[in-house]
Structures are given as structure tokens and as C-alpha cells.
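Labels below follow one simple rule: chain letters A, B, ... track the order of the sequence lines, proteins then strands, and each chain is numbered from 1.
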Amino acid sequence: MKLLTLNFLTCARKTCKSLPAAFPLHPKDAELEVVETDFNAPFLRNILGRLEWDALKTLCMELGLPNLPPSAPEPEALLEPGAEMAELELERELEPTQTARDLHNLLLETGIKEGKLVCGNCGHEYAVKEGIANFLLPSHLV
Amino acid sequence: MSRPEDTLPPDLFYNDTESRKYTTSSRIRHIQATMTNRALELLDLRSPSLVLDVGCGSGLSGEILSSISPSEGGPHTWIGLDISASMLGVALEKDVDGDLFLADAGQGVPFRPGTFDAAISISAVQWLCNAESSEETAQGRLGRFFNGLYASLRRGGRAVCQFYPKNDDQKRMISSSAIRAGFGAGLLEDDPGTKSAKVYLVLTVGGGDLSG
Ligand SMILES: [Zn+2]
């Protein structure tokens, strides 16, 4: 499971879903994997404004990954300096900045292969096996 | 490898096993791909998007989402939910690009508000009408799914659900459940009245622009 996905995932229990403590889920005994994937600048720009940066910082800390800057990069920081907005159409030919590359690597190439995800509100543990999380709830928890 | 037509006459070659193999590997795949492409046409995604695939199965639709070229507004990043561990196992073997969840959409959609640009569902939503225990009703399962889906889409987002309704009542029950969750909804039927009729529930979330 990509770290990108974890930035959107909440506890599945109805009683938790809207509570702040149910997001983000906390990894436990996590084994990470890195899977290379094509850089997609328009996707990164699309998703940037939807990230919960503080949750991402917490996640990196909990996984022992390098600290993130205090706030999310501006969309302009994903392109080489001097690139005009008019050049966006051609951006696939532009070199991504180091910021963009780092973000791509963190969100889309780094993932949880094995482990558990724990809800900070109810304590429910969701197992992750071979990258697939089990979110099936026993009926009394639905 | 020898070609079948070189080894046996067709009526002997296409026994049950071979026919089944043919059906699963080729015909079903083809129908599934056709419906995914139709759903994508209705979603009208113009730039690389985050897409939820409800009932992703072995990842046939996901593979299409991942392979859309930049000139056609792709590729898209997707997250798939499926209730069948064995189907997800096939997806895993194929090494699909999307993230997979073993999950029951009838229990809800466990993502924070405004996560997805769009959602797609091929041949899955009718399963939500099968209430599995005395504590669950089809209405309850449909309600949890559509409420969760509505919240998880961004404003201006869209969802297209192709499904096989058992009858007109079920078609109505499914669409009214979506409307109750807040969606703008329309039913589109391709080849109506024929054996290959396909029903698409096209859902929109108001309050934003579609171009994003
Ligand atoms: Zn919880």
C-alpha cells in the first residue's frame, strides 16, 4: 500500500470515521517496500492540494523516514525554476525538481508491504499482507 | 506451442474445460474492457486522476486506468476494493499498479472526504443487494456504500457504476439510494432490450468544476 493511499485512509468503523483520532491510521510492525513507478507530474500537482501534510509528517516519523519540511511544497516547486505556467503543457519534457522527485518517491514508490494499521480512536488493527489491507469488519463493528 | 486447429477438430478441442478457459480469458475480458472504456468515456477525465474502483476484482479495469496515455489525459492512479480474496490474489499475481483492499463496499468507503476525483464500478453494485445476515438489509448496505462514496469524492467528482439489475425494482432501489446520498444521478442503458443490454448509473457530486 502506497503511502499516498495512507494519507487518505480512515478507520472503517462508522463510529470512528468522522473523528480526528481515526486519521491517520498508525503503522505497526511495518515492513516497507519501494517499487519504482513512472513519474507523473500532472498527477502529483493534482494531488498536492489534497494531501494532509501534518498526517504525512506523522507517518514519516512513525516509519522512521527522513523528516519532511514543515509545510507542503507549492505547486510551482515541482517544476524547474523559471518554468512558466504556459510551459505546463510541456512539463513531461521538463526535468522534475528534486522536491518533486522526493515527493514522488515518498508517496507513489514507498509502500507498506506487511504489518498492521491501527486506529488511534478505537484501537482496531487492520492487517496488511503483500501490500493488501484487510478492511473487512466483523458485522458488530460496522 | 501447437495451435488448437492443428491438433484436433474444433468440436473435440473445445470441450468444457477449454471453453471455460476461453470464456474467462477472452470473452469476459473483452466485455469487461468494453464496459470499462464506456464508463471512462462517461467519466470524461481530462488529466491524471485519483480513481476508486469498487469491486476491482482481478484488476481488469485498473489495468486500463493505468495504461491511458498522457495524450488522453492519463495515466490514472487507482485504489481498488474487492470482497473476494481470491480475485485480489489474481490481481497481485498480475502485479497491477493500483493499491488493493480486501473490503466490503456495503460496509462503507473508508477514505476521508474529498479523496477521489472519480470512481468506477463494473458489474459489482448489484451484489450489494444481497443482504448476508439477519442484521443487514439491502437498503442498509446500499446506503452505507453510496453515502461513503459520495463523501469520498471531491466536489465536482463523478462516479460511473455499470451493474446488472435483477429487475426494475432493483434498478430503482439502487438509483434512489444514490440520490438519497446526495448524488445527481442518471441511468443510461446501452443496447436496451437485448441480451447484451448494459446499465450504467452515472453519478455526479455538485459544487465544483469538472476540469480539475
Ligand atoms: Zn476506529
Side-chain angles (χ1 to χ4, degrees), chain A residues 1-14 16-18 20 22-25 35-47 49-52 55 88-93 107-108 111-112 117 119 124 126-142, chain B residues 45-52 56 66 69-71 73-85 88-89 91-93 95-117 131-136 140-141 144 147-148 151-152 154 211-212:
Chain A
M1 181 193 299
K2 298 175 184 70
L3 299 192
L4 174 80
T5 301
L6 256 178
N7 198 249
F8 293 103
L9 191 61
T10 64
C11 182
R13 293 180 68 175
K14 205 183 164 194
C16 286
K17 241 200 120 176
S18 56
F23 174 86
L25 299 175
V35 180
E36 250 181 69
T37 166
D38 290 341
F39 184 77
N40 185 338
F43 178 75
L44 210 53
R45 202 176 62 248
N46 173 16
I47 213 72
R50 250 178 281 172
L51 294 175
E52 285 285 349
L88 282 178
E89 291 303 305
L90 304 166
E91 67 193 62
R92 278 181 194 82
E93 274 111 81
L107 294 173
L108 292 143
I112 294 187
L117 300 171
C119 172
H124 190 77
Y126 298 92
V128 182
K129 285 182 185 140
E130 296 190 82
I132 302 180
N134 182 348
F135 267 62
L136 288 176
L137 290 173
S139 58
H140 69 280
L141 295 183
V142 174
Chain B
L45 300 170
R46 294 173 192 182
S47 56
S49 301
L50 186 58
V51 182
L52 177 68
C56 63
S66 301
S69 70
S71 60
H76 305 296
T77 301
W78 56 278
I79 294 174
L81 311 181
D82 207 279
I83 197 169
S84 159
L88 293 176
L92 197 64
E93 275 169 36
D95 211 10
V96 295
D97 291 322
D99 272 342
L100 305 168
F101 282 79
L102 181 61
D104 176 1
Q107 296 186 333
V109 178
F111 294 91
R112 61 180 170 81
T115 294
F116 299 103
D117 294 295
E132 274 162 30
S133 73
S134 53
E135 302 143 62
E136 295 208 286
R141 290 171 56 73
R144 274 193 297 274
N147 286 322
S152 76
R154 69 168 175 79
S211 61

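Atom CG of L9(A) and atom CZ of F101(B) lie 4.5 Å apart (nearest 0.5 Å). Summarising the geometry, atom CG belonging to D104(B) is positioned 13.5 Å from atom CZ belonging to F135(A); distances are rounded to the nearest 0.5 Å. Note that NZ of K129(A) is 13.5 Å distant from CG of L88(B), once rounded to the nearest 0.5 Å. For the atom pair CG of L92(B) and CD1 of I132(A), the computed distance is 4.5 Å after rounding to the nearest 0.5 Å. Taken to the nearest 0.5 Å, the NZ atom of K2(A) stands 6.5 Å off from the CG atom of D97(B).
Contact check for D117(B) versus R50(A): side-chain heavy atoms found under the 4.5 Å cut-off. Looking at heavy atoms from C-beta onward, N7(A) lies in side-chain contact with R112(B) at the 4.5 angstrom threshold. Within the 4.5 Å cutoff, side-chain heavy atoms of N40(A) are placed close to those of P75(B).
Judged as a salt bridge (Lys or Arg N to Asp or Glu O under 4.0 Å), and not counting sequence neighbours, D82(B) has no contacts.
With a 4.5 angstrom heavy-atom cutoff, L4(A) touches chain B only via side-chain atoms. With a 4.5 angstrom heavy-atom cutoff, F8(A) touches chain B via backbone and side-chain atoms both. For L51(A), the part lying near chain B is the backbone, with the side chain staying farther off; criterion is any non-hydrogen pair under 4.5 Å. Only the side chain of I79(B) comes within less than 4.5 Å of a heavy atom in chain A; its backbone stays farther off. Residue contact with chain B, scored on non-hydrogen atoms closer than 4.5 Å, is absent for L141(A).
The shortest non-hydrogen separation linking R144(B) to V142(A) is NE-CG1, 3.4 Å.
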